[in-house]
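Below: one structure, written as structure tokens.
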Amino acid sequence: MPWLTVIGLLPLVGALVTTLVKGHSRVPIGFVFAAVTFGLSAWAIGARASLDESYTWIPQIGAHYALRMDGLSALLVIVTTFVTAIVILTRWKTQRWFNLPPLALALESAALFTYLANDILIFFIAFEVTLIPMYFLIASGGKPKRSAAALKFLLFSLAGGLVLLGGVIYVMAIAPSGLSFSDLSGLAMTPGAEKVLFLVFFVAFAFKSPLVPLHPWLPDAVEQARPAASVLLVGVLDGIGLYGMVRFCVGITPGGATWAAYGIEIAALVTVVYGAFAAIASRSLMRMAAFTSISHAGFMVLGLFAFTSASVSGAMTYVAAHALSATALILAAGWAVKRRGDDLTKGAFGGLARRAPVLAGVFLVSGLATLALPGTANFAAELSIIIGAWGRHPVLVAVALLAVLGAGVYVMWAYQRVFTGAADVAVDEMQPEGAPQLGDIRPTSRWAAGLALVGVIAFGVFPGAIQNLVSDTATQTMSVAQMSDPEGGR
Amino acid sequence: MAYIALLPLLVVALGALVGVLLEALVPRRHRFVTQAWFTAAIVVVALVRVIINWKTPSSRVLAGNLSVSLDNATLIVWAGLLLFALGSVVLAAQRFGGVSSFTPMAVAAPGSSDEQTAEAEGVEHTEIFPLMLFSLTGMLLFPAATDLLTAFIGLEVLSLPLYLMTALARRRRLLSHEAALKYFLLGAFSSAIFLYGAALTYGFAGGADYSAIDRAISLGLARQPLLLAGFALLMVGLLFKVGAVPFHAWVPDVYTGAPTPLTAYMAVGTKVAAFGALIRVLYVAFGGLSWTWAVPLGIVAVLTMGLGAIFGLTQTNIKRLMAYSSIAHAGFVLVPIAAALAVTTVGALSSMTAAVYYLASYGLATLGAFAVIMLVRDGTGEAPDLASWAGLGRRHPWVSAAMTLFLCSLAGIPATAGFIGKLDAFVVAWRGGLAWLVILGLAFSLVALGFYMRIVLVIWFGKPSIERAASDSADTPDQPADIVKVPVSLGILMALCAVATLIGGLVPNYFTHFASLAGQMLR
């Protein structure tokens with residue numbers, strides 16, 4: 001059986017099936033598909049060495065239909081399937097927006113093919129196809145300016161996609177034989193061409209990650225879309241940025257990557273600091289979550305381009321940790337917004353914890369994970385990046401760390417302002433108009449958020465599990481870049 | 001023997017003549033249906049004949065005495081033309097509420113009592129079907145010709161019926177007349193320029209035969225002013241037909257004014273035929289000059305892509321949008337053509353392969369889009385105003401999904417045929433040494449994406465403006481625009497276009513195989 005294809009197509013079948021049924025039954029059916037995909041990919045991780053697939057696809061340009069699951073792919077696949085299942089679970093009892101399950105499953109399918117592709121053309125196609133369901137997810141529900149936010153998302157992403165396409169076309173024009181990542185790792189180029197191609201790839205994935213100044217689509221999309229859509233955007237799609245940098249920027253143009261590494265570190269630091277300050281200055285809970293996410297994306301890029309064993313594998317594990325903690329944080333923020341509006345600046349508004357204690361707990365734990373509290377997956381990953389990168393750029397790391405922690409502290413301050421204190425009349429007044437009085441979150445929502453947090457804590461307590469998973473990709477990345485750990489560091 | 005190989009063209013020409021006869025013989029009540037079926041049957045017969053030719057390699061001949069080349073390139077272009085013509089016939093054969101898209105009485109002044117009488121009596125112009133076949137004859141001849149005079153005859157035979165049919169729209173007849181007159185004047189002018197170019201080239205080469213021109217150029221007379229002048233004038237005529245900037249001015253007006261099935265016919269048929277002819281003229285006759293024409297043609301491609309995509313951004317009429325879309329796509333097709341990448345090994349990527357694949361993907365998506373345009377109607381007919389398309393996605397998800405797919409393919413989004421078309425085109429251009437053209441092409445692809453996504457946004461998330469329809473009574477129809485019940489034939493057409501668009505994007509090797517054989521031209 002071509003199991004990787006099955007894993008990729010199963011959600012798509014689910015999307016079609018859920019399109020054909022109507023109403024609320026879409027949710028359980030969609031959840032079953034998401035859960036089976038999750039189970040199947042969990043099994044596939046163990047057997048991944050024997051699952052490579054490759055068939056001739058377009059002989060004229062040397063493209064193959066080739067799928068492969070290495071450590072980093074496996075990690076991102078499992079996170080993607082997990083987050084999708086959680087998102088569908090949150091819609092269990094809702095009475096509207098039944099378009100979520102088909103769109104989320106279609107998105108999942110495209111994201112899985114992106115992570116599994118072993119041919120740059122397949123990668124590119126899947127990468128672009130993710131945009132279509134995401135566009136509809138953002139545009140089909142949420143706040144009034146969602147259409148503009150969706151278009152902004154789409155145009156930014158497509159701009160990045162076209163930059164990538166330029167690089168892909170160049171590679172296709174000069175590639176002697178196949179287009180798989182392993183074929184291309186030894187691609188002969190002049191140093192000048194390699195540097196330019198690296199920059200092209202880097203800009204393309206900096207749109208996706210996103211790095212400042214290519215980020216403006218993310219806060220708008222997260223703020224305007226429904227929380228479930230925002231979770232998919234941050235938890236499923238943001239990983240593509242770092243994944244692409246590993247595969248393309250380092251994998252195809254290692255010479256360019258080491259040449260530009262210091263400049264990239266500066267750009268990453270700018271992103272970390274900017275994201276942190278923007279989060280602190282946010283007046284909206286959702287925007288705050290989005291900016292902390294941008295800040296973390298910068299931190300991952302910083303880890304990758306420090307080129308030490310610890311920081312590279314830390315960056316890879318951070319993708320997974322961040323996806324899980326951001327899922328819980330954005331869900332919790334979304335539920336809080338539903339109960340008291342999105343504005344953080346209003347006066348007396350605390351006390352949501354009295355009315356919704358479980359929600360408060362979810363927000364607190366995910367906020368602490370964002371702050372990288374020891375015992376969470378974020379801590380393990382962040383520590384790994386810091387230990388590794390310290391040997392290369394101690395000052396940069398110190399500044400970045402302070403900024404990330406600053407933003408995390410701000411999340412906790414938001415918690416304080418939203419949840420703690422006495423529940424007074426003001427809370428009711430701040431509810432969005434016409435919204436019914438809401439108590440605590442529903443049991444299925446508790447399950448959904450709980451599962452994400454269990455993931456965060458499990459990987460925090462046993463960080464070795466995911467670090468072993470990505471170790472093959474991390475080692476390979478280091479060897480392709482021809483970098484060794486600095487003296488005295490790790 | 002050559003006449004047998006030429007049968008597809010002869011069948012269509014003969015079918016056109018018999019169609020005129022049918023006008024006289026068949027009673028009026030049955031005429032429309034008879035003509036529609038007859039025309040479709042003729043096209044299918046021609047198509048079958050093309051397939052038989054394809055299966056018999058001995059039919060590939062350079063028929064010098066007939067001034068046509070019946071090679072792989074011709075057969076592939078013919079197959080595409082016949083398929084698109086069949087789709088256009090399906091569009092033309094649609095009758096909504098018992099009336100076709102064409103005016104009941106072309107000679108009557110618009111709004112006159114004659115016209116109203118004709119309308120009341122249910123008179124119809126069924127001549128459009130033979131006219132389409134005449135035009136198709138020209139379309140088949142134009143890309144197959146190996147002689148500038150034969151090419152000119154093909155050009156005229158394809159154009160004259162189109163000028164006439166442009167004037168036959170049922171609604172907005174004055175606009176239709178204006179479009180027809182504009183098309184005729186500009187078209188006749190460009191044909192004259194083409195003919196003048198042919199004369200100058202004849203003066204240079206001593207023959208109008210493509211191979212004679214090629215021989216003369218290879219003798220080292222390439223810098224002759226006569227040759228350059230003749231070549232430039234020929235290009236004006238050809239670029240006018242494909243709608244490339246700066247010879248595009250007719251496209252938006254004519255596409256908007258013409259009856260929609262005819263707009264579709266022009267957008268797919270004329271374009272494919274003209275590009276087929278352009279490629280043959282450039283590569284077979286003027287191949288030796290490619291150092292001279294590659295960069296100017298690239299510049300034309302940039303201007304065409306840019307102008308089509310940017311001006312299209314501001315349009316509000318869907319037919320006008322499709323016109324600018326067709327201009328932009330003409331620019332994208334010119335990208336691989338300018339690169340002049342010859343066939344090196346059988347089955348390799350060449351300029352012809354990329355252009356053919358691009359045209360096929362463009363034609364499929366455009367045909368499908370026009371089918372949807374015909375379906376969106378208000379009380380009086382089609383509703384081409386983009387505002388009346390708002391929110392169709394909620395009410396008619398399947399048709400809207402098909403339209404979204406066509407628009408995605410036109411925009412070049414992966415997993416559709418349009419993406420593979422653009423990819424091939426750009427790879428060919430890069431290998432041909434026109435990297436600057438690829439970079440500019442990518443930039444304009446982004447503009448074009450904005451252009452198509454705007455329509456998608458309106459279809460799925462636009463708010464239908466009910467107040468507008470209610471407030472002013474004079475202009476707005478009594479009934480808001482909606483998708484009418486989909487006729488079976490249109491449904492099948494849309495489904496086929498959609499499936500082919502998906503196959504072309506996901507498993508393109510079935511199509512790229514044929515397209516890669518198209519590069520083999522007999523000269």
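Every heavy atom of this structure was used, including side-chain atoms; hydrogens, water molecules and symmetry mates were not. Every chain is numbered from 1, with letters handed out A, B, ... down the list of sequences.
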#### Entry: Residue A/I174 versus chain B: region with a heavy atom under 4.5 Å
neither
### Message
Between A/Y65 and chain B, with a heavy-atom cut-off of 4.5 Å, which part of the residue counts as in contact: side chain, backbone, both or neither?
### Response
neither
### Query
In Å, rounded to the nearest 0.5 Å, how long is the span from CG of A/L112 to CG of A/L10?
9.5 Å
### Query
With under 30° as parallel and over 60° as perpendicular, where do the rings of B/F426 and B/F332 fit, or are they tilted in between?
perpendicular
### Query
Can A/D183 and A/S180 be counted as having a side-chain donor-acceptor contact under 3.5 angstrom?
yes
### Task
Would you mind telling me which of B/N509, B/V456, B/D424 has the largest number of heavy-atom pairs within less than 4.5 Å of chain A?
B/N509
#### Entry: Among the listed options B/V507, B/I413, B/L457, the residue most often paired with chain A at heavy-atom distances under 4.5 Å
B/L457
### Query
Is there a donor in the side chain of A/Y243 and an acceptor in the side chain of A/S73, or the other way round, less than 3.5 Å apart?
yes
### Message
I'd like to know which of A/A150, A/S147, A/A139, A/G161 tops the heavy-atom pair count under 4.5 Å against chain B.
### Response
A/A139
### Query
If you count heavy-atom pairs under 4.5 Å between each of A/V168, A/I125, A/T56, A/T19 and chain B, which one has the most?
A/I125
### Query
With a 4.5 angstrom heavy-atom cut-off, which part of A/L154 approaches chain B: side chain, backbone, both or neither?
side chain
### Task
Please work out which of the three classes, parallel, tilted or perpendicular, describes the rings of A/F201 and A/F248, given edges at 30° and 60°.
perpendicular
### Query
Picking from B/T416, B/L442, B/T404, B/I420, which has the most non-hydrogen pairs under 4.5 angstrom with chain A?
B/L442
### Task
Determine the interplanar angle of the A/F127 and A/F205 rings, folded into 0 to 90°, and report it as parallel if under 30°, tilted if 30 to 60°, perpendicular if over 60°.
perpendicular
### Query
Do you know which of B/G450, B/P397, B/P414 has the most heavy-atom pairs under 4.5 Å to chain A?
B/P414
### Task
Tell me, for A/I122 versus chain B, whether the close heavy atoms (under 4.5 Å) come from the side chain, the backbone, both or neither.
neither
### Task
Go through the side-chain N and O atoms of A/T5 and A/E53 and say whether any donor and acceptor fall under 3.5 Å apart.
yes
